[in-house]
Amino acid sequence: MDALAGLLEGPRARGAFMIRACFDPPWAVRVEDRAPLTVMLVVRGDAWVLPDRGERTRLRAGDLAIARGPDPYTCADDPGTAPQALILPDQECRYPDGRPLNGSMDLGVRTWGDRLDGATVLLIGTYPMRGEIGGRLLDALPPLLTLTSDVWDCPLTPYLSAEIVRDEPGQEVVLDRLLDLLVIAALRAWFARPEAEAPAWYRALADPVVGGVLRLLQDDPAHPWTVAALAAKAGVSRAALARRFTALVGEPPMTYLTGWRLALAADRLRDTDDTLDAVARRVGYSSAFALSTAFKRVYGMSPVEYRGRAARRD
């Protein structure tokens, strides 16, 4: 599992969801849900995304935006329209004065807003929780990322539009996968731009030597890797691999592996009830003690403390 997949894998288990939002002007929604990642795809009409900090952006039909939390923002038909609804954590919806909406804007299955055939229709997907693996990618994104239809044509829009309002067996699984595909395709397109500032490890995946080594480490972190074993797999010398890996990724192979293992451990501590021994074996440590020692050195607290803090935050 690489960091692009890891961005989505943990949050899927922690309540990623999609809605279809339909509005007639004037409309505005204030978003303060603190979600680490929200994707907005305009199906019809247009919309403004107005961060509290940073440049406002106008989206037209076919355009996509990804908002990286936890900073709040407003979506509206016009920058001057006052918010009519407030979105809070755990999908809580209120009027701006604090009164609960009590379902007054519900329009049917995963549909919300003014009326079903509103002038503006958006498909919105939210990942409400952040993991350590996905955080490596989130930290490389701007607070608001946009892709316009003239540079990125989304083939998933018709299928998403049809599936989001269906209520069939297994529908949540279908929508989870479609949302993942949408986000991965969008991030690939974003990082493929000539001016993109992709993280070093992401760029290194394209290297014929280092890319293969990164995939080995990411796909099987529990294996007892050594530089010699990785070099043999890559068909280069240990010295050549160490130099090339460090130059492209920014750290030596074993340092990268340690960080990857500990990030995986942190996510499992938060997302599962696995024992510390089980987590240690899963990510490549021989014992709970060995994992605890490495974990505290990097995170400044024991795995048990980390799990307790994560449970209180959730």
Side-chain angles (χ1 to χ4, degrees), residues 1-10 68 130-142 145 180-181 183-269 277-300 303 306:
M1 178 180 67
D2 62 26
L4 190 53
L7 172 66
L8 312 173
E9 185 65 30
R68 176 174 61 82
R130 170 183 169 127
E132 292 296 322
I133 292 296
R136 292 178 169 222
L137 188 61
L138 282 175
D139 291 342
L141 300 178
L145 171 163
D180 289 354
L181 284 172
V183 173
I184 288 174
L187 292 179
R188 282 177 172 175
W190 175 260
F191 285 130
R193 299 171 307 124
E195 69 274 24
E197 296 182 2
W201 58 263
Y202 187 95
R203 297 193 303 271
L205 285 168
D207 183 81
V209 172
V210 176
V213 170
L214 278 169
R215 291 182 179 90
L216 288 171
L217 298 177
Q218 293 171 351
D219 291 344
D220 192 6
H223 186 83
W225 294 111
T226 62
V227 174
L230 292 169
K233 290 281 189 179
V236 297
S237 70
R238 287 178 294 175
L241 174 61
R243 285 195 303 270
R244 190 161 180 163
F245 193 103
T246 303
L248 293 179
V249 179
E251 57 187 354
M254 294 298 101
T255 303
Y256 176 88
L257 177 59
T258 297
W260 184 256
R261 284 172 168 170
L262 294 177
L264 287 170
D267 281 354
R268 295 202 67 81
L269 288 167
D277 275 320
V279 172
R281 291 193 300 271
R282 182 75 176 252
V283 302
Y285 285 89
S286 59
S287 66
F289 178 78
L291 171 61
S292 296
T293 301
F295 195 94
K296 190 168 185 177
R297 184 169 58 247
V298 172
Y299 285 88
Y306 183 90

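Values below: all heavy atoms of this structure, side chains included; hydrogens, waters and symmetry mates excluded.
Within 6.0 Å of CZ on Arg203 lie more than 12 heavy atoms contributed by other residues, nucleotides or ligands. Counting heavy-atom neighbours within 6.0 Å of Arg282 CZ, excluding the residue itself, gives a total of 12 or less.
Closest of all the heavy-atom pairs between Ala294 and Leu262 is O-CD1, 3.7 Å. Taking every heavy atom of both residues into account, Tyr202 and Leu187 meet most closely at OH-O, 4.4 Å. Listed here is the closest heavy atom pair of Val213 and Ala234: CG2-CB, 3.9 Å. Contact detail for Leu264 and Pro221: the closest heavy-atom pair is CD1-CG, 3.4 Å. Leu241 and Ala231 get closest at one heavy-atom pair: CD2-N, 3.5 Å. Heavy atoms only, all atoms of each residue included: Leu230 and Trp225 are closest at CD2-CE3, 3.5 Å.
A heavy-atom distance below 4.5 Å is found between the side chains of Leu138 and Leu141. Side-chain atoms of Val227 and Met254, non-hydrogen and from C-beta on, do get closer than 4.5 Å to each other. Side-chain contact between Tyr285 and Ser292: absent, with no pair of heavy atoms (C-beta onward) separated by less than 4.5 Å. Using a 4.5 Å cut-off on side-chain heavy atoms (C-beta onward), Leu216 and Lys233 make contact. Using a 4.5 Å heavy-atom threshold, the side chains of Trp201 and Val210 count as separate.
Residue Arg243 holds its CZ atom at 12.5 Å from CG of Leu248, rounded to the nearest 0.5 Å. Note: Leu257 CG to Glu251 CD = 10.0 Å, rounded to the nearest 0.5 Å. Atom CZ of Arg68 is separated from atom CG of Asp139 by 6.5 Å, given to the nearest 0.5 angstrom.
Ring pair Phe245/Tyr256 is perpendicular by interplanar angle, where above 60° counts as perpendicular and below 30° as parallel.
In terms of modelled atom types and a separation under 3.5 Å, the side chain of Arg215 and the main chain of Gly211 share a donor-acceptor contact. No donor-acceptor pair closer than 3.5 Å links the side chain of Arg244 to the backbone N or O of Ala239.
Geometrically, Arg188 does not engage Trp190 in a cation-pi contact, judged by NZ or CZ lying under 6.0 Å from the ring centre and within 45° of the ring axis.
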In sequence, state the C-alpha distance, the side-chain angles, and the governing distance for Trp260 and Val283, and then conclude on side-chain contact (heavy atoms from CB on, under 4.5 Å).
-> CA-CA 9 Å; Trp260 184 256; Val283 302; over 6 Å; no

